[in-house]
Enquirer: 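Okay, here's the structure, questions in a sec.
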Amino acid sequence: MRDLGAGFGHLLKGQRWVARHGKSYGFGLVPGLITLVLYAAALVALALWGEDFVTWATPFADDWSSPWSGLFRGFLTAVLFALALLLAVLTFTAVTLLVGQPFYESLSERVDRDVSPDGTAPESDLPLWRELWISGRDSLRIVVRAAVWGVLLFALGFIPVVGQTVVPVIGFFVTGFFLTEELAAVALQRRGVELRDRLALLRSRKTLVWGFGTPLGLAFLVPFVAVFLMPGAVAGATLLARELLGEETRESDDDSAGADEGAVR
C-alpha cells in the first residue's frame, strides 16, 4: 500500500513541477494537442461510419427478423467504439511521446537537474534520429503488448458478472502499467535502459507503477484531460524512474511549503 501512495505522489509532484515551470508546461502541451486532433478525427469518423462498417462486416444478419438484426449490429457497433476508446487511451501516450520526443526529452532533463543533488542529468549520446527510431520501435512493441491485453480483456468481458466487474478493474491496472512504461521510457531510455530491462524494472515495483499509472489512465478517459496532464505526467515519471533506479533525489528548491526540505527519496 505504501508504494501505491508513493506512485500517486510522484504523479502529483510532476503536476506541481510543471505548474511552477510555465514555459516547460507550455511547450509540453504542443505534442498532446497535435495528437488529440488526430485521435478526435479518427473517433468522429468511427462514430459516423462505424455502423456502416459493422453492417458491411455482418452480411449474415441481413435476413434476421426484426429487431434482432438491429440489436445485434447496434451491440457490435457499441463494442467497436468502446474498443477504439480503450486502444486510444493505451496508445495516446505512445503517439504523443513520439510526436513530442524533443519536447519531453528536454522537460525530463530539466526535472532531473532540478531534483539531482549535484544539479546534473544523464544525457544520451545518440543523435536525434536514432533516439526517435528507438522510441518508435519500443512504442510499437508496447502497443502490440497492450493490444493483446485489450483483445483478451474484450473477450473476457462477455463472461457474465465477472466481465462487467472484475475485468474492467484489471483493464485499468493494465492500462496504468503500460502508460507508466511509456512515460518513464523518456527518462530511462536517456539512461540507456533497454525495453526488456525497463519492463523488468517496472514489474519489480508493480504497486508503485499502478499507483502512478492507474489514476492517470482514469483521468485520460476524460476528454482533453490527457493533453493538459501529459507534461506533468512526464515530469512525474522522471521522478518515478529515479526511485526505481535508486537514484538520490532532493526536493526542488521552490517546492510547495508542505514538502520536507532536503528530503531524500
Enquirer: Could you check if a side-chain atom of Thr249 sits within less than 4.5 angstrom of a side-chain atom of Glu243, using non-hydrogen atoms only?
Expert: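 Not touching, per the 4.5 Å side-chain cut-off.
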Enquirer: Keeping to residues at least two apart or across chains, list the ring pair (Phe, Tyr, Trp, His ring centres under 6.0 Å) pairs with something in residues 188-211.
Expert: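 Sorted pair list: Phe173-Trp210.
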Enquirer: Do the non-hydrogen side-chain atoms of Thr58 and Leu76 ever get within less than 4.5 Å of each other?
Expert: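 A side-chain contact under 4.5 Å exists here.
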Enquirer: Is it true that, when you exclude Glu51 itself, more than 12 heavy atoms of the residues, nucleotides or ligands shown sit nearer than 6.0 Å to its CD?
Expert: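 No, the 6.0 Å shell around CD holds no more than 12 heavy atoms from other groups.
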Enquirer: According to a hydrophobic-cluster definition based on side-chain heavy atoms being under 4.5 Å apart (Ile, Leu, Val, Met, Phe, Trp, Tyr only), do Ile159 and Val167 belong together?
Expert: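 Looking at the clustering, Val167 is in the same group as Ile159.
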Enquirer: Taking atom OG1 of Thr96 and atom OH of Tyr39, what is their separation to the nearest 0.5 Å?
Expert: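 The distance works out to 7.0 Å.
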Enquirer: So how far is it from Leu202 CG to Phe178 CZ, rounded to the nearest 0.5 Å?
Expert: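 Interatomic distance, Leu202 CG to Phe178 CZ, rounded to 0.5 Å: 10.0 Å.
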Enquirer: May I ask whether Val44 and Leu36 are part of the same hydrophobic cluster, defined by side-chain heavy atoms of I, L, V, M, F, W, Y residues being less than 4.5 angstrom apart, directly or through others?
Expert: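 No; tracing contacts between hydrophobic side chains, which count when under 4.5 Å, never links both residues.
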Enquirer: Quick check: closest heavy atoms across Phe81 and Ala47, and the distance to 0.1 Å?
Expert: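 Residues Phe81 and Ala47, closest heavy atoms: CE1-CB, 4.1 Å.
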Enquirer: State, with a plain yes or no, whether a side-chain heavy atom of Glu105 is found less than 4.5 Å away from one of Gln189.
Expert: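 Side-chain contact under 4.5 Å: no.
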Enquirer: Should Leu208 and His10 count as side-chain neighbours, where that means a heavy-atom distance under 4.5 Å?
Expert: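 Touching, per the 4.5 Å side-chain cut-off.
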Enquirer: Atom CG in Leu245, atom CG in Leu201: separation rounded to 0.5 Å?
Expert: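 Rounded to the nearest 0.5 Å, the CG-CG separation comes to 5.5 Å.
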Enquirer: Look at the aromatic rings of Trp17 and His21 and report parallel, tilted or perpendicular, splitting at 30° and 60°.
Expert: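 The rings of Trp17 and His21 lie parallel, inter-plane angle below 30°.
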Enquirer: Measuring from Arg137:CZ to Leu195:CG, what's the distance to the nearest 0.5 Å?
Expert: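 Arg137 CZ to Leu195 CG: 8.0 Å, rounded to 0.5 Å.
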Enquirer: Measuring from atom OG of Ser116 to atom CG of Asp114, what distance do you get when rounded to the nearest 0.5 angstrom?
Expert: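 Rounded to the nearest 0.5 Å, the OG-CG separation comes to 10.0 Å.
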Enquirer: Looking at side-chain heavy atoms only, is the closest gap between Leu29 and Pro231 below 4.5 Å?
Expert: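 When only atoms from C-beta onward are counted, Pro231 and Leu29 do touch, with a gap below 4.5 Å.
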Enquirer: In chain order, what residues pass the ring-ring contact (aromatic ring centres under 6.0 Å, His included) check against Phe228, with sequence neighbours excluded?
Expert: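 Phe228 satisfies ring-ring contact (aromatic ring centres under 6.0 Å, His included) with no residue once adjacent residues are dropped.
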Enquirer: Where do Ala84 and Leu43 come nearest, in terms of heavy atoms and distance?
Expert: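 Result for this residue pair: CB-CD2, 4.1 Å.
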Enquirer: In this structure, would Val151 and Trp149 fall into the same cluster of hydrophobic residues linked by side-chain contacts under 4.5 Å?
Expert: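 Result: no, two separate clusters.
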Enquirer: What is the minimum heavy-atom distance between Arg198 and Val193, and which atoms define it?
Expert: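 Residues Arg198 and Val193, closest heavy atoms: NH1-O, 3.0 Å.
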Enquirer: Shared ILVMFWY cluster between Val169 and Leu4, side chains joined below 4.5 angstrom?
Expert: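 Yes, Val169 and Leu4 fall within the same hydrophobic cluster.
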Enquirer: Within a strict 4.5 Å, meaning less than it, do heavy atoms of the Asp112 and Arg191 side chains meet?
Expert: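 Yes. Closest side-chain heavy atoms under 4.5 Å.
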Enquirer: Under a 4.5 Å cut-off applied to non-hydrogen side-chain atoms, are Leu183 and Met230 in contact?
Expert: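 Heavy-atom side-chain distance check passes, below 4.5 Å.
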Enquirer: Could you report the tightest heavy-atom contact between Ala233 and Leu216, atom names first, then the distance?
Expert: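 Minimum heavy-atom contact is CB-CD2, 3.8 Å.
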Enquirer: For a quick test of reading the model, state the closest non-hydrogen atom pair linking Pro31 to Phe103 and the distance between them.
Expert: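 For Pro31 and Phe103, the tightest heavy-atom pair comes out as CG-CD1, 3.7 Å.
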Enquirer: Side-chain heavy atoms under 4.5 angstrom apart, residues restricted to Ile, Leu, Val, Met, Phe, Trp, Tyr: same cluster for Val54 and Phe60?
Expert: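 Per the 4.5 Å side-chain linkage, Val54 and Phe60 are co-clustered.
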Enquirer: Is it true that Arg145 and Glu181 have a side-chain N and a carboxylate O under 4.0 angstrom from each other?
Expert: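 No, no charged N to carboxylate O under 4.0 Å.
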Enquirer: Going from CZ on Phe8 to OG1 on Thr214, what distance comes out if it is rounded to the nearest 0.5 angstrom?
Expert: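 Between Phe8 CZ and Thr214 OG1, I get 11.0 Å after rounding to 0.5 Å.
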Enquirer: Closest heavy-atom contact between Val111 and Ala235?
Expert: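 Smallest heavy-atom distance, with atoms named: CG2-CB, 3.7 Å.
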Enquirer: Ignoring hydrogens and geometry, is there a side-chain-to-backbone donor-acceptor pair from Ser108 to Tyr104 under 3.5 Å?
Expert: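 Not a single qualifying donor-acceptor pair exists.
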Enquirer: Is the shortest side-chain heavy-atom distance between Asp52 and Trp56 below 4.5 Å?
Expert: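 In short, these two side chains do not touch, never coming nearer than 4.5 Å.
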